[in-house]
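Every chain is numbered from 1, with letters handed out A, B, ... down the list of sequences. A quick note: this is a predicted structure, and the numbers were derived from the prediction, not measured.
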There are 2 protein chains.
Amino acid sequence: MVVGEDGADLVFHALADATRRDILTRVSRAGQSVSALARLYPMSFAAVQKHVAVLERAELVTKERRGREQIVHGNPSALRDVVGGLMDTYERIWRQRADRITELLQEET
Amino acid sequence: MVVGEDGADLVFHALADATRRDILTRVSRAGQSVSALARLYPMSFAAVQKHVAVLERAELVTKERRGREQIVHGNPSALRDVVGGLMDTYERIWRQRADRITELLQEET
DNA sequence: CTCACCTACAACCATGTGGTTGTACGTTAG
DNA sequence: CTAACGTACAACCACATGGTTGTAGGTGAG
């Protein structure tokens, strides 16, 4: 972990926190300023800002400057790419295993 | 985060490490003993054992004692439940947003 | 039976993480 | 212009994490 923070590491780490998942859900529905988000959680503004930064580094959200506010938007493609990609992989492995089991059963018949 | 480690926290945290994702992929294809896994990575047996423990706590793998070895198996249902559930959520939000956009466009017509 | 192997776990260390407070700076409202 | 707001970032703290080594217990091979 010293080096080699690939995209999947960043995305899964970003998702491994209930507050960040909640932020992601909210901004996916509608963009929110950082301070508007900060008011929702029982923690300091700076803490929420850090959570947003983690989501941003994972490219799960983007920020759009609007006047003096910074509007956070959800970026669904990163999520679909990484998480969906992983699901595909396991789906494929699982299906191959099912096929193999079927094959073995047929051999025994 | 002091308290409240729900299933999703555990699953995503478990996936936020390339070594653990690799272990999960391998054991999903075919069960492996802990020591067989340990030989694959440039780290101590104890370190790999800890990685397996993290996957086990997230219920992404199960262990089956077989003689003096402990065989690690992949457990795809946990992955599908949590990750698939999240994907569903965002899929739904995304679709609603698309609907809303369509709606707005129609109103303007 | 004895020895080697597989596993488990504790103790320890360096670093990362999530939280805090404080400071600084740009922008907008009045 | 000035004051308040929104943001960014640094410094700091407690604790978790990922790694190490060492010790100990079960189990199987010879």
Side-chain angles (χ1 to χ4, degrees), chain A residues 1-24 26-27 30-73, chain B residues 1-24 26-27 30-73:
Chain A
M1 169 150 297
V2 168
V3 89
E5 293 249 57
D6 63 30
D9 283 42
L10 292 175
V11 170
F12 287 117
H13 171 251
L15 293 172
D17 181 284
T19 301
R20 285 195 292 266
R21 286 195 302 275
D22 193 69
I23 291 174
L24 182 57
R26 288 178 186 274
V27 302
Q32 308 261 342
S33 73
V34 180
S35 53
L37 289 169
R39 278 178 229 116
L40 299 171
Y41 306 99
M43 65 185 77
S44 68
F45 172 84
V48 173
Q49 191 181 270
K50 280 194 192 177
H51 281 306
V52 172
V54 171
L55 290 166
E56 198 180 9
R57 251 176 28 108
E59 296 179 59
L60 288 170
V61 303
T62 57
K63 284 196 284 193
E64 171 212 359
R65 170 141 265 134
R66 190 158 174 178
R68 65 183 168 186
E69 294 187 336
Q70 196 86 260
I71 308 296
V72 183
H73 297 275
Chain B
M1 173 150 296
V2 167
V3 91
E5 293 250 58
D6 64 29
D9 282 42
L10 293 174
V11 170
F12 287 117
H13 171 251
L15 292 173
D17 181 283
T19 301
R20 285 195 291 264
R21 287 195 301 276
D22 194 69
I23 291 175
L24 181 57
R26 287 177 186 277
V27 301
Q32 306 262 340
S33 73
V34 180
S35 53
L37 289 169
R39 280 178 227 116
L40 299 171
Y41 306 98
M43 65 186 75
S44 68
F45 173 85
V48 173
Q49 191 181 271
K50 281 194 191 178
H51 281 305
V52 172
V54 170
L55 289 167
E56 198 180 8
R57 251 177 26 111
E59 295 178 61
L60 287 169
V61 304
T62 56
K63 284 196 283 191
E64 170 212 1
R65 172 141 263 136
R66 188 157 174 180
R68 64 182 168 185
E69 294 185 339
Q70 196 86 261
I71 308 295
V72 183
H73 298 275

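Atom CD1 of B:I23 is separated from atom CZ of B:R21 by 11.5 Å, given to the nearest 0.5 angstrom.
Note on the helix from C:dC1-D:dG30 to C:dG30-D:dC1: angle between the axes of the first and last five pairs equals 30°, rounded to 10 degrees.
Identified under the salt bridge (Lys or Arg N to Asp or Glu O under 4.0 Å) test for residues 30-45 of chain A, with sequence neighbours left out: none.
Between the CE atom of A:M43 and the P atom of C:dT17 there is a distance of 17 Å, rounded to whole Å. One can place CG of A:L10 at 14 Å from P of C:dG16, the figure rounded to the nearest angstrom. Distance A:D9 CG to D:dT17 P: 16 Å, rounded to the nearest Å. One atom, CD of B:E56, and another, C1' of C:dA8, lie 12 Å apart when rounded to the nearest Å. A straight line from CZ of B:F12 to C1' of C:dT17 spans 19 Å, rounded to a whole angstrom. To the nearest angstrom, C1' of C:dG18 lies 15 Å from OH of A:Y41.
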Which atom pairs, donor and acceptor, lie under 3.5 Å between side-chain atoms of residues 42-56 of chain A and protein residues at least two apart or in another chain?
unit_1	atom_1	unit_2	atom_2	d
A:S44	OG	A:A47	N	3.2
A:H51	ND1	A:R20	NH1	3.1
A:E56	OE1	A:K63	NZ	3.4

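The phosphate of D:dG19 has OP1 or OP2 within less than 4.0 Å of a side-chain N or O from B:H51. The phosphate of C:dG19 (OP1 or OP2) has no side-chain N or O of A:S44 nearer than 4.0 angstrom.
Under the salt bridge (Lys or Arg N to Asp or Glu O under 4.0 Å) criterion, A:R26 pairs with A:D22, not counting sequence neighbours. Residues passing the side chain to side chain contact (heavy atoms under 4.5 Å, CB included) test with A:R65, sequence neighbours excluded: A:Q70. Residues passing the side chain to side chain donor-acceptor pair (under 3.5 Å) test with B:S35 are B:S33, sequence neighbours excluded.
Between A:Q32 and A:A30, the closest heavy-atom pair is CG-O, 3.4 Å. When all heavy atoms are compared, the tightest approach of B:T19 to B:D17 is N-OD1, 2.8 Å. Minimum heavy-atom separation, B:L15 to A:F12: O-CD1, 3.6 Å.
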Indicate for each nucleotide in nucleotides 6-13 of chain D, in 5' to 3' sequence, whether protein heavy atoms under 4.0 Å reach the base (B), only the sugar-phosphate (S), or nothing (-). SBBB-B--

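Nucleic acid contact class of A:R66 (heavy atoms, under 4.0 Å, all strands): none.
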